[in-house]
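Every number for a ligand or one of its atoms is a count from 1 in the order of the listing. Reckoned from all heavy atoms, side chains included, excluding hydrogens, waters and symmetry mates.
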Amino acid sequence: MTQRIDKAFIAEQNEKLMPGVQEDYDALARKLARQDIDIEQITQKAAEFQVAVPSWGTGTGGTRFARFPGTGEPRNIFEKLEDCAVINDLSQCTQAVSPHFPWDKVDDFTELKGFSDNLELTWDSINSNTFQDQPGQEHSFKYGSLSNTSEASRELAIAHNLDCIKWGEALGSKVLTVWVGDGSNHPGQSHFQRAFERYLESMKKIYAELPSDWEMHIEHKMFEPAFYSTVIQDWGSNILAAMELGDKAKSLVDLGHHAPNVNIEMIVSRLIQFKKLGGFHFNDSKYGDDDLDSGSLHPYQQFLIFNELVDAEYRNQEGFGPGYLLDQSHNVTDPIESLMNSAASVQRSYVAALLINRETLYGYQDSNDAIMASNTLKNAFITDVSPILQMARARKGGAIDPIAVYRASGYRASAAKERPSSGHSGSGIV
Ligand code: LRH
Ligand code: MN
């Protein structure tokens with residue numbers, strides 16, 4: 001068991017930085033007060049903000065070419081949880097962990113729940129996996145899972161998702177996320193309608209077993225592992241499936257699953273309007289599903305997405321309550337540092353969007369004053385809300401500078417002692 005970072009050590013590190021943060025905070029308070037914004041209200045909302053972390057993001061990621069393991073890699077879900085506790089202890093906005101089965105499967109889920117309780121962690125959405133065959137698997141997912149032409153493969157995929165619900169109930173989760181890589185590589189290889197019909201028939205069998213207070217989140221993706229067609233390729237196929245299945249089925253938006261330059265914030269607005277926005281997998285990308293750190297390439301797009309989310313919150317949009325999760329692959333950085341950076345980036349987009357005076361914006365929109373409408377958004381985006389994020393973390397016992405405290409703690413070095421490297425490099429995302 002690798003030691004958590006001591007709260008007193010965090011407080012000690014904060015002490016050195018707090019005078020400067022307080023000075024910046026007071027200056028920002030005066031600036032915002034001139035815009036009739038009470039900084040304390042914003043800081044309170046920042047402190048309440050949560051984004052979940054992916055268990056699979058705590059290990060070093062890779063590509064089909066190679067994976068270069070880092071030191072002190074977590075070797076099982078218990079060590080992944082230890083790292084998630086460190087991320088939350090310093091960031092104070094990542095209390096929930098999203099597992100992936102069977103990668104995180106255990107024999108005793110009560111023991112796992114007890115372990116996460118001790119680390120003051122909760123469980124977010126459960127991710128099923130029918131994009132890989134397990135050792136000795138009788139019916140392959142090579143030609144798909146929930147949409148496979150083989151009924152035996154479809155039944156196997158359905159059974160796995162029902163197991164995921166059962167395991168999720170043991171952990172206290174309330175969401176099943178279903179992403180399938182089903183699709184084709186050659187024109188003519190797959191009958192588009194029949195494949196979608198088989199997918200819907202399978203999903204209806206899973207939906208029928210969903211507990212009444214659960215949601216099912218459907219994740220679309222343009223391509224990979226299929227490179228010609230994908231059964232749930234875009235938000236159109238996604239929302240059609242969610243509407244066909246019922247109220248508990250909603251659409252999940254993974255930022256990296258869209259073609260470059262797609263207007264994702266407008267897709268978000270549509271899903272909100274039709275009460276079908278289930279949640280997000282935040283990351284960033286330049287070319288494909290690169291799974292890079294959130295906000296590292298397109299921070300303005302991420303802000304514009306939160307502009308839609310905060311607007312829905314402001315309008316008390318019916319059926320609005322999306323889940324937020326990071327879904328990234330950390331190939332060249334310490335995963336703990338990337339996840340802390342990304343959580344703060346997503347939190348920053350939310351806080352900046354809170355600074356927009358919505359009534360003023362509506363006025364510019366209604367009068368077609370494009371310049372003032374655009375500047376209203378841009379001014380909020382360029383406002384440096386760092387003092388609010390730092391104060392919110394410090395007030396909850398977190399670190400003003402999470403990366404600095406993490407490095408000063410020597411956590412990774414002690415983890416390396418506790419967790420001799422598996423020496424397994426191989427390739428693939430985990
Ligand atoms: C697919 C995906 C999906 C996860 C996987 C790890 O690309 O985004 O959300 O199951 O990554
Ligand atoms: Mn995803």
Assign the ring pair H257 / W179 to parallel, tilted or perpendicular, where the plane angle (0 to 90°) is split at 30° and 60°.
tilted
Would you call the rings of H100 and W56 parallel, tilted or perpendicular, where under 30° means parallel and over 60° means perpendicular?
perpendicular
Does the structure place the NZ or CZ of K250 under 6.0 Å from the centre of the six-membered ring of F274, at an angle of no more than 45° from the ring's axis?
no
Looking at D163 and K166, is any side-chain nitrogen of the basic one under 4.0 Å from a carboxylate oxygen of the acidic one?
yes
Can you find a non-hydrogen atom of E224 under 4.0 Å from ligand 1?
no
Have a look at D254 and say which of its N, O or S atoms is nearest the Mn ion (ligand 2).
OD2
So, R419 and N76: side-chain donor and acceptor under 3.5 Å apart, yes or no?
no
Angle subtended at the Mn ion (ligand 2) by ND1 of H281 and OD2 of D327, to 10 degrees?
90°
Option of least heavy-atom distance to atom 7 (O) of ligand 1 (set: E219, K221, H217)
K221
Once you restrict to heavy atoms under 4.0 Å, what part of D291 touches ligand 1? Side chain, backbone, both or neither.
neither
Out of the N/O/S atoms in E219, what is the name of the one closest to the Mn ion (ligand 2)?
OE2
Does either side chain, that of E215 or that of H217, offer a donor lying less than 3.5 Å from an acceptor on the other one?
yes
Assign the ring pair F49 / Y350 to parallel, tilted or perpendicular, where the plane angle (0 to 90°) is split at 30° and 60°.
parallel
For H100, the ligand 1 atoms whose distance to one of its heavy atoms is below 4.0 Å:
4 (C), 6 (C), 10 (O)
Out of all atoms in ligand 1, which are within 4.0 Å of some heavy atom of D254? Include the element for each.
8 (O)
So is S128 polar-close to ligand 1, meaning N/O to N/O under 3.5 Å?
no
Show the atoms of ligand 1 that are less than 4.0 angstrom away from any heavy atom in H281.
9 (O)
Heavy-atom side-chain proximity of R393 to N14 below 4.5 angstrom:
no
Hey, looking at atom 1 (C) of ligand 1, which of F131, W179, W56 has the closest heavy atom?
W179
With heavy atoms and a 4.0 Å threshold, my read on which part of N127 contacts ligand 1 is neither
How about S98 and N127: does a side-chain donor come under 3.5 Å of a side-chain acceptor?
yes
N/O separation below 3.5 Å, D289 to ligand 1
yes
Should you measure from each heavy atom of D327, which atoms of ligand 1 turn up under 4.0 Å away?
2 (C), 3 (C), 8 (O), 9 (O), 11 (O)
